[in-house]
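Because the structure is predicted, anything quoted here is derived from the model rather than measured.
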Amino acid sequence: MNRSIGSPSHRSITTARTVPVRGGGVSDFLQLDTGDAPRGGLADWLAGEVRHAIADGRLPVGGRLPATRTLAADLRVSRGVVTEAYRRLTEDGHVAGRGRGGTVVVAVPRTPVPVPHTPGPAPNAPTPACTAAGKGRAALFTVPPDDLGVFDAIRAAPARIDLSPGLPDLAAFPRAAWLRAERSVLAGLIPSDFGYGDPRGTPVLRTAVAHWLSRNRGIRADPDDVMIVNGTAQALRLLVDVLHADGVREVAVEEPGSLGVRQHLRPLGTPPVPVDAHGIRVDALRATGARAVLLTPAHQFPTGVVLGGERRRELMEWVHDGGLVIEDDYDAEHRYDRPAVPALRALLPEHVCYAGSVSKLLAPALRLGWLLAPPAYRDALLDAKRLTDLGTAALPQLVLAHLMDSGDLERHLRLIRRHHRRRRDAMIAAIGADLPTAVVHGAAAGLHLTITFQRGAYEGSDATLATAALGQGVKVHPLSWHTQLPHARGLVLGYAASTPTEIAEGVAVLGRLVREG
């Protein structure tokens, strides 16, 4: 019998029964035989078999799995066993329920690639993985990287497990909701809507963003305060040009702080200001003499600390003395173990340039974000935006506005919070098992964790460790990438875009390298 996906009019996977053998149950679906399952582990076994079939192409994306009742009857197991297996696959992001459409394959897991085991290197010595990879791979983790294309290179570097920070669960992108919104938007457009529009963004999205920020971030804004941009990256670039024209020559940055942010601010000086358990040290900020500072106060990258109340009060005094804050509201929506903290823009609207986007909420591919600036800078930013691209593409703006207004975006946020929290918990558990001496930072919110190594736990450089991990097929960021001053060795680990299984395997590789190194 043909067990492949059927014609376009019949996408389900055929599941005819066969005669059970050895007292167990068998099915034509994937030739499953419960006699192969370990005692007491039926759900794990079934989930693993389906996962392998997705990975090797026997179950293509778009294919429908058998109904739980049908497969349970074939395998002579309780329906709960099949339901539990499907639940695990759903949490891993490999399948999704489609109501009457059944359970459908939506994403292919990364297939593990066997890597020969080699002894670990001496501290600070080139690792076998590093030398095998050659200079190109090793250069990815040079500190500090000189090449603006370093993030393109690390994204393109092959790896079976990607624990890079900054990515949400891309398999959870709400395709059905996006398509519904797109059809609704297109049906209502008139010919003039396809022409050039307001370079600030479509009025409907600026209104939707103002309402979204009011509900979710405590920011009271008029739609005229909002400029739609191509993500936070463009917001920073526009600000660099406008601030430079205004005589600003330095923007202080958090230490440690994002390498990507420093790259965007490269035309200006970026004096580092230490971050401690309460956030940026405002006394050290004053000492730099910088007129502007870039902050990630809701979930500092990469440490995860929240800017505390006392530091906020000190910062208010600093801005009233003539300072300007650029607020990158990084990871603000992704919180698990603490309530939301208000945005700085909500407290200091005349002194804060606020940037946000949907890159971590929906997908970076959309390139949609917003910038709210004090009145003194709005006209100059509008001129810069107009000269850059005449405005962000209008059709995606209209679709996003529809998602915001319909409540679909908030429903999606609730869904991915659950996904991300489970993966965060899986990473913490894996670190406890395989990196017990590592100190975990920033677990209460966000899409990443930072770990640091206490003295004596690991003596090699974190760049060497990241290089060795990449040689073993695991992609991470060394903490030293995101520092300008001497700092503890560490790694920045993203968990949102990987399944719990992949997270556990990736952390196990890191644990082995640390023990050997």
J.: Search all heavy atoms of A210 against all heavy atoms of D222 and return the closest pair with its distance.
T.: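 Answer, listing the atom of A210 first, then D222: CB-C, 4.4 Å.
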J.: Please give me the minimum heavy-atom distance between K475 and A159, naming the atom from each residue.
T.: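 Looking at all heavy atoms of both residues, the closest pair is CE-CB, 3.7 Å.
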J.: Mind checking whether I416 and H334 have side chains closer than 4.5 Å, heavy atoms only?
T.: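 I416 reaches H334 side chain to side chain.
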J.: With a 6.0 Å cut-off (strictly less than), is the heavy-atom count around CZ of R220, excluding the residue itself, greater than 12?
T.: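 Counting other residues, nucleotides and ligands, CZ of R220 stays at 12 neighbours or fewer.
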J.: Between atom CG of L265 and atom CG of L239, what is the distance when rounded to the nearest 0.5 Å?
T.: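 Going from CG on L265 over to CG on L239, the span is 9.0 Å.
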J.: About how many Å separate CG of L344 and CG of D328, when rounded to the nearest 0.5 Å?
T.: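 So the gap between those two atoms works out to 11.5 Å.
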J.: Of the non-hydrogen atoms in L479 and A488, which two are nearest, and what is the gap between them?
T.: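 It is CD2-O, 3.5 Å.
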J.: Do D408 and W178 pass the side-chain contact (heavy atoms from CB on, under 4.5 Å) test, and can you show the C-alpha distance, the side-chain angles, and the key distance before you say yes or no?
T.: CA-CA 9 Å; D408 279 337; W178 186 271; over 6 Å; no
J.: Applying side-chain contact (heavy atoms from CB on, under 4.5 Å) to L493 and M427, what does each step give before you reach the verdict?
T.: CA-CA 9 Å; L493 308 174; M427 179 166 278; 3.8 Å; yes
J.: Keeping the roles fixed (side chain from R386, backbone from L390), state whether a donor-acceptor pair exists under 3.5 Å.
T.: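 A pair under 3.5 Å: no.
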J.: Spell out, as yes or no, whether a donor-acceptor pair under 3.5 Å connects the side chain of E327 to the backbone of R345.
T.: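 Between the backbone of R345 and the side chain of E327 there is a qualifying donor-acceptor contact (under 3.5 Å).
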J.: Quick one, E505 and R160 - any side-chain contact, counting heavy atoms below 4.5 Å?
T.: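 Yes, their side chains come closer than 4.5 Å.
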J.: So, does T388 use its side chain to make a donor-acceptor pair with the main chain of A384 at under 3.5 Å?
T.: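 Pair found, side chain donor or acceptor close to backbone of A384.
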J.: Identify all side-chain donor-acceptor contacts of residues 163-173 below 3.5 Å with residues at least two apart in sequence or on another chain.
T.:
{"unit_1": "S164", "atom_1": "OG", "unit_2": "D162", "atom_2": "OD1", "d": "2.6"}
{"unit_1": "D169", "atom_1": "OD1", "unit_2": "A171", "atom_2": "N", "d": "3.3"}
{"unit_1": "D169", "atom_1": "OD2", "unit_2": "H419", "atom_2": "ND1", "d": "3.0"}

J.: Dump the intermediate steps for salt bridge (charged side-chain N to carboxylate O under 4.0 Å, His left out) on R87 and E91, then the final yes or no.
T.: CA-CA 6 Å; R87 183 188 68 79; E91 289 183 353; 2.4 Å; yes
J.: Is a donor from one side chain sitting under 3.5 angstrom from an acceptor on the other, for D462 and S480?
T.: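 Yes - a donor-acceptor pair under 3.5 Å links their side chains.
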J.: Would a 4.5 Å heavy-atom cut-off, applied to side chains only, mark V514 and L465 as touching?
T.: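 In contact.
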J.: Please report the interatomic distance CG(L395) to OG1(T202), rounded to the nearest 0.5 Å.
T.: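 Rounded to the nearest 0.5 Å, the CG-OG1 separation comes to 10.0 Å.
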J.: Look only at the side chain of Q397 and the backbone of A393, and say whether a donor-acceptor pair between them is shorter than 3.5 Å.
T.: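 Yes, the answer is positive, given that a donor and an acceptor are paired below the 3.5 Å cut-off.
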J.: Run the side-chain contact (heavy atoms from CB on, under 4.5 Å) test on V325 and V319 for me, step by step, so that the C-alpha distance in whole Å, both residues' side-chain angles and the decisive distance to 0.1 Å come before the verdict.
T.: CA-CA 7 Å; V325 173; V319 299; 3.7 Å; yes
J.: If only atom types and distance count, is the side chain of R206 paired as donor or acceptor with the main-chain N or O of I228 below 3.5 Å?
T.: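 Checked: no pair found.
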J.: List the steps and the verdict of side-chain contact (heavy atoms from CB on, under 4.5 Å) for F301 and T450.
T.: CA-CA 9 Å; F301 184 91; T450 294; over 6 Å; no
J.: Can you find a heavy atom in the side chain of R51 that is under 4.5 Å from one in the side chain of D92?
T.: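 A side-chain contact exists here, since the closest heavy-atom pair is under 4.5 Å.
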J.: Grab the two heavy atoms, one from P267 and one from R237, that are nearest each other, plus how far apart they are.
T.: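 Between these two residues, the closest heavy atoms are CG-NH1, 3.4 Å.
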J.: Is the count of non-hydrogen atoms from other residues, nucleotides or ligands lying under 6.0 Å from D379 atom CG greater than 12?
T.: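 Counting other residues, nucleotides and ligands, CG of D379 stays at 12 neighbours or fewer.
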J.: Mark yes or no for whether E333, through its side chain, and L361, through its backbone, hold a donor-acceptor pair below 3.5 Å.
T.: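 A pair under 3.5 Å: no.
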J.: Is a side-chain donor or acceptor of R421 paired with a backbone partner of Y336 at a separation under 3.5 angstrom?
T.: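 Here the side-chain-to-backbone pair exists.
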J.: So with a 6.0 Å cut-off around OH of Y196, is the heavy-atom count from everything else above 12?
T.: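 Incorrect, the count does not exceed 12.
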J.: For the atom pair CD (Q484) and CD (E254), what is the distance rounded to the nearest 0.5 Å?
T.: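 Result: 11.5 Å between the selected atoms.
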J.: Is there a donor-acceptor contact under 3.5 Å from the side chain of D246 to the main chain of V242?
T.: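 Here the side-chain-to-backbone pair does not exist.
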J.: Strictly distance-based, threshold 3.5 Å: is any side-chain N or O of R423 a donor or acceptor partner for the main-chain N or O of P500?
T.: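 Here the side-chain-to-backbone pair does not exist.
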J.: Indicate yes or no: at least one non-hydrogen side-chain atom of L307 is less than 4.5 angstrom from one of Q300.
T.: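 No, every pair of side-chain atoms sits at 4.5 Å or beyond.
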J.: Please identify which of these residues, R367, H264, K385, meets the side-chain hydrogen bond (donor to acceptor under 3.5 Å, both in side chains) condition with Q234.
T.: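 In the set R367, H264, K385, the residue that makes a side-chain hydrogen bond (donor to acceptor under 3.5 Å, both in side chains) with Q234 is K385.
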J.: Quick one: does L398's side chain get under 4.5 Å of D193's, heavy atoms only?
T.: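 They are not in contact (no side-chain heavy atoms under 4.5 Å apart), so the answer is no.
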J.: What do the steps show when you test H420 against Y495 for ring-ring contact (aromatic ring centres under 6.0 Å, His included), and what is the final call?
T.: CA-CA 7 Å; H420 294 162; Y495 51 77; 7.2 Å; no
J.: Please work out whether the ring planes of F453 and Y458 are parallel, tilted or perpendicular, with thresholds of 30° and 60°.
T.: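 Correct class here is tilted.
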J.: Name all residues meeting the side-chain contact (heavy atoms from CB on, under 4.5 Å) criterion together with R281; count only those two or more places apart in sequence or in a different chain, and write none if there are none.
T.: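 side-chain contact (heavy atoms from CB on, under 4.5 Å) check on R281 returns P274, D276, D283, A284, R311.
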J.: Assess whether side-chain hydrogen bond (donor to acceptor under 3.5 Å, both in side chains) is satisfied between T288 and E250, documenting all intermediate values.
T.: CA-CA 9 Å; T288 68; E250 290 184 325; 5.7 Å; no
J.: Would you mind reporting whether P374 and C353 have side-chain heavy atoms less than 4.5 Å apart?
T.: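 Touching, per the 4.5 Å side-chain cut-off.
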J.: How close do L324 and Y377 get, counting heavy atoms only, and between which atoms?
T.: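 That closest heavy-atom pairing would be CD2-CE1, 4.0 Å.
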J.: In a table with atom names and distances, give each donor-acceptor pair under 3.5 Å that connects a side chain of residues 434-449 to protein atoms at least two apart or in another chain.
T.:
{"unit_1": "H441", "atom_1": "NE2", "unit_2": "T452", "atom_2": "OG1", "d": "2.8"}
{"unit_1": "H448", "atom_1": "NE2", "unit_2": "P302", "atom_2": "O", "d": "3.1"}

J.: Hey, what do you get for CD1 (I161) to CD1 (I503), rounding to the nearest 0.5 Å?
T.: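 Separation between the atoms: 9.5 Å.
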J.: So which heavy atom on E317 is nearest to which on R286, and how close?
T.: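 Residues E317 and R286, closest heavy atoms: C-NH2, 3.6 Å.
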J.: The test is salt bridge (charged side-chain N to carboxylate O under 4.0 Å, His left out); show your working for R378 and D383 and say whether it passes.
T.: CA-CA 9 Å; R378 285 181 197 156; D383 288 344; over 6 Å; no
J.: H299 vs Y330 aromatic rings, parallel, tilted or perpendicular, using cut-offs 30° and 60°?
T.: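 Ring orientation of H299 relative to Y330: parallel.
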J.: State, yes or no, whether a side-chain contact exists between R417 and R335 at a heavy-atom distance under 4.5 Å.
T.: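 A side-chain contact exists here, since the closest heavy-atom pair is under 4.5 Å.
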J.: Measuring from atom CD1 of I280 to atom CG of L315, what distance do you get when rounded to the nearest 0.5 angstrom?
T.: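 These two atoms lie 7.5 Å from each other.
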